[in-house]
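Below: one structure, written as structure tokens.
This chain uses plain numbering: 1 for the first residue, then up along the sequence.
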Amino acid sequence: MPPATDFPLLCPVCRNALRFGGGGARTLVCGAGHSFDAAKQGYFNFLVGKGTVFEADSADMVAARFDFLSGGHYQRLADAIADLAAPALMDAPAFRPVVLDAGTGTGHYLRAVLDRVALDRAAPDLARDLSADGAPADGVWAAAIGLDISKFALRRAARMNPEALNVVGDVWQPLPVAENAVDVVTVVFAPRNAPEFARVLRPGGRLVVVTPRPGHLEEVAGLTGMLGIEPAKDERLAASLGNHFAPVEARDLDLALTLSPRDVANLAYMGPAGHHLDRAALAALEAALPAWTAVSARFRISVFAPIS
Ligand SMILES: C[S@@+](CC[C@H](N)C(=O)[O-])C[C@H]1O[C@@H](n2cnc3c(N)ncnc32)[C@H](O)[C@@H]1O
Ligand SMILES: [Zn+2]
């Protein structure tokens with residue numbers, strides 16, 4: 001794990017800077033004496049006060065997401081996110097760039113970004129002089145923060161990204177992150193708090209957002225009664241970020257998937273509809289599905305710059 005000073009974290013109680021305490025990387029303390037111990041799985045719980053009204057993903061939903069993503073069906077999405085996130089990290093003015101994955105889930109896409117920058121950094125044609133700037137021997141370079149409201153997700157994320165600081169927190173609250181301290185914020189199918197993302201991003205930083213396009217998973221929606229993609233989602237994305245962010249570029253990605261009954265069930269269960277789907281009905285559906293189902297995944301990966 002990079003040194004604590006590389007994680008620009010703020011105490012969720014008093015907003016003073018946090019640093020690692022006496023217990024190595026397992027305790028975070030602020031100057032006012034607030035202290036946070038890592039859970040045994042390695043994540044930190046920053047939810048304070050009376051908690052949140054938001055419904056966190058359940059252990060079953062997170063397990064479905066982990067199983068589905070482990071199958072590699074969305075690998076090209078992970079690659080595209082890494083393509084679009086890596087440049088602002090490679091060009092970061094600070095010695096160690098910082099990436100925040102908001103709504104990190106199992107940490108799958110943050111892993112892809114960290115692997116990409118580790119690779120790019122090791123590439124021989126890099127302009128930077130690796131020996132002069134002291135690249136750490138363990139290959140950890142970027143400082144990563146994974147934030148999610150689900151502790152079940154964070155348990156997985158802490159295992160997936162042990163070099164990251166994985167934090168249970170609510171994206172609708174002030175983020176426990178210092179101003180102008182982050183090079184890239186990634187938000188993959190997760191809630192977007194534009195003013196807070198703009199506050200934590202440095203000038204020249206990037207917000208990378210993944211949203212579904214019309215027709216995304218429509219075959220699965222037809223089978224399970226999942227909610228379809230609302231029209232004009234794209235315009236809503238721009239409008240919701242408009243005062244704080246300007247669009248830089250966008251890439252559409254269409255995947256034609258051939259999925260097993262278990263994959264289809266996991267896909268249905270892992271999204272927001274999982275909160276409302278009946279597990280028993282889903283098992284019955286899985287049993288009735290043919291060996292393979294064709295499913296279209298339609299993503300848009302949008303890159304925004306904060307307006308200063
Ligand atoms: C559809 S999942 C996407 C997870 C991950 N980005 C991925 O694509 O695999 C949405 C995630 O947002 C998290 N989430 C929902 N509301 C949140 C909030 N208010 N604050 C932080 N995370 C939240 C959920 O717990 C869940 O892990
Ligand atoms: Zn404090």
Side-chain angles (χ1 to χ4, degrees), residues 2 4-12 15-18 44 46 80-105 107 109-114 116-117 120-121 140-149 157 161 163-211 234 236-251 300-308:
T5 45
D6 292 333
F7 293 100
L9 290 176
L10 297 183
C11 172
R15 313 287 293 164
N16 277 313
L18 280 173
F44 291 88
F46 279 9
I81 294 167
D83 284 351
L84 293 170
L89 293 168
M90 298 304 291
D91 296 345
F95 168 68
R96 199 185 291 280
V98 178
V99 53
L100 165 68
D101 189 26
T104 193
Y109 298 104
L110 182 55
R111 181 73 266 147
V113 172
L114 292 175
R116 172 64 60 85
V117 293
D120 285 357
R121 179 130 166 104
V140 174
W141 177 51
I145 303 167
L147 181 111
D148 202 285
I149 205 164
N161 303 316
E163 73 273 59
L165 234 147
N166 292 289
V167 178
V168 181
D170 184 351
V171 84
W172 295 118
Q173 301 292 318
L175 297 175
V177 178
E179 279 179 37
N180 294 339
V182 176
D183 299 285
V184 173
V185 175
T186 50
V187 192
V188 185
F189 289 113
R192 296 176 291 271
N193 183 342
E196 277 296 288
F197 294 160
R199 181 183 65 77
V200 302
L201 275 169
R202 67 165 166 88
R206 292 290 183 263
L207 171 66
V208 179
V209 180
V210 178
T211 47
D234 215 36
R236 286 220 320 265
L237 169 61
S240 70
L241 300 174
N243 293 336
H244 300 277
F245 288 94
V248 176
E249 63 176 306
R251 191 186 292 185
R300 174 158 297 163
I301 309 119
S302 309
V303 180
F304 296 87
I307 297 170
S308 45

Pairwise side-chain contact, [X] with [Y], heavy-atom cut-off 4.5 Å (strictly under):
{"X": "Pro306", "Y": "Leu207", "value": "no"}
{"X": "Val210", "Y": "Val187", "value": "no"}
{"X": "Val303", "Y": "Pro247", "value": "no"}
{"X": "Phe197", "Y": "Arg192", "value": "yes"}
{"X": "Leu18", "Y": "Pro176", "value": "no"}
{"X": "Leu100", "Y": "Thr186", "value": "no"}
{"X": "Trp141", "Y": "Met90", "value": "yes"}
{"X": "Val200", "Y": "Val185", "value": "yes"}

Can you check side chain to side chain contact (heavy atoms under 4.5 Å, CB included) on Phe245 and Leu201, steps first, answer last? CA-CA 11 Å; Phe245 288 94; Leu201 275 169; 3.6 Å; yes
Would you say the side-chain atoms of [X] pair up with the backbone N or O of [Y], donor to acceptor, closer than 3.5 Å?
{"X": "Asp170", "Y": "Trp172", "answer": "yes"}
{"X": "Asp101", "Y": "Gly146", "answer": "no"}
{"X": "Glu196", "Y": "Leu175", "answer": "yes"}
{"X": "Asp183", "Y": "Val99", "answer": "no"}
{"X": "Asn193", "Y": "Val171", "answer": "yes"}
{"X": "Arg206", "Y": "Val248", "answer": "no"}

Any chance you could measure [X], atom [atom1], to [Y], atom [atom2], to the nearest 0.5 Å?
{"X": "Glu179", "Y": "Leu10", "atom1": "CD", "atom2": "CG", "value": "8.5 Å"}
{"X": "Asp83", "Y": "Asp120", "atom1": "CG", "atom2": "CG", "value": "9.0 Å"}
{"X": "Leu165", "Y": "Phe46", "atom1": "CG", "atom2": "CZ", "value": "7.0 Å"}
{"X": "Tyr109", "Y": "Phe189", "atom1": "OH", "atom2": "CZ", "value": "7.0 Å"}
{"X": "Ile301", "Y": "Leu84", "atom1": "CD1", "atom2": "CG", "value": "6.0 Å"}
{"X": "Thr104", "Y": "Leu147", "atom1": "OG1", "atom2": "CG", "value": "8.5 Å"}

Between Arg202 and Asn180, do the side chains contain a donor N or O and an acceptor N or O under 3.5 Å apart?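 The criterion, which ignores hydrogens and geometry beyond distance, is not satisfied for Arg202 and Asn180.
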Do Val177 and Val98 pass the side chain to side chain contact (heavy atoms under 4.5 Å, CB included) test, and can you show the C-alpha distance, the side-chain angles, and the key distance before you say yes or no? CA-CA 11 Å; Val177 178; Val98 178; over 6 Å; no
Checking side chain to side chain contact (heavy atoms under 4.5 Å, CB included) for the pair Phe7/Ile145: CA distance, chi angles, key distance, verdict? CA-CA 8 Å; Phe7 293 100; Ile145 303 167; 4.1 Å; yes
Minimum heavy-atom separation for [X] and [Y], please, with both atom names.
{"X": "Ala246", "Y": "Ile307", "answer": "N-CG1, 3.8 Å"}
{"X": "Ala142", "Y": "Leu114", "answer": "CB-CD2, 4.0 Å"}
{"X": "Ala157", "Y": "Gly105", "answer": "CB-O, 3.6 Å"}
{"X": "Ala112", "Y": "Ala82", "answer": "O-CB, 3.8 Å"}

From CA spacing to verdict: side chain to side chain contact (heavy atoms under 4.5 Å, CB included), Val184, Val208: CA-CA 7 Å; Val184 173; Val208 179; 4.2 Å; yes
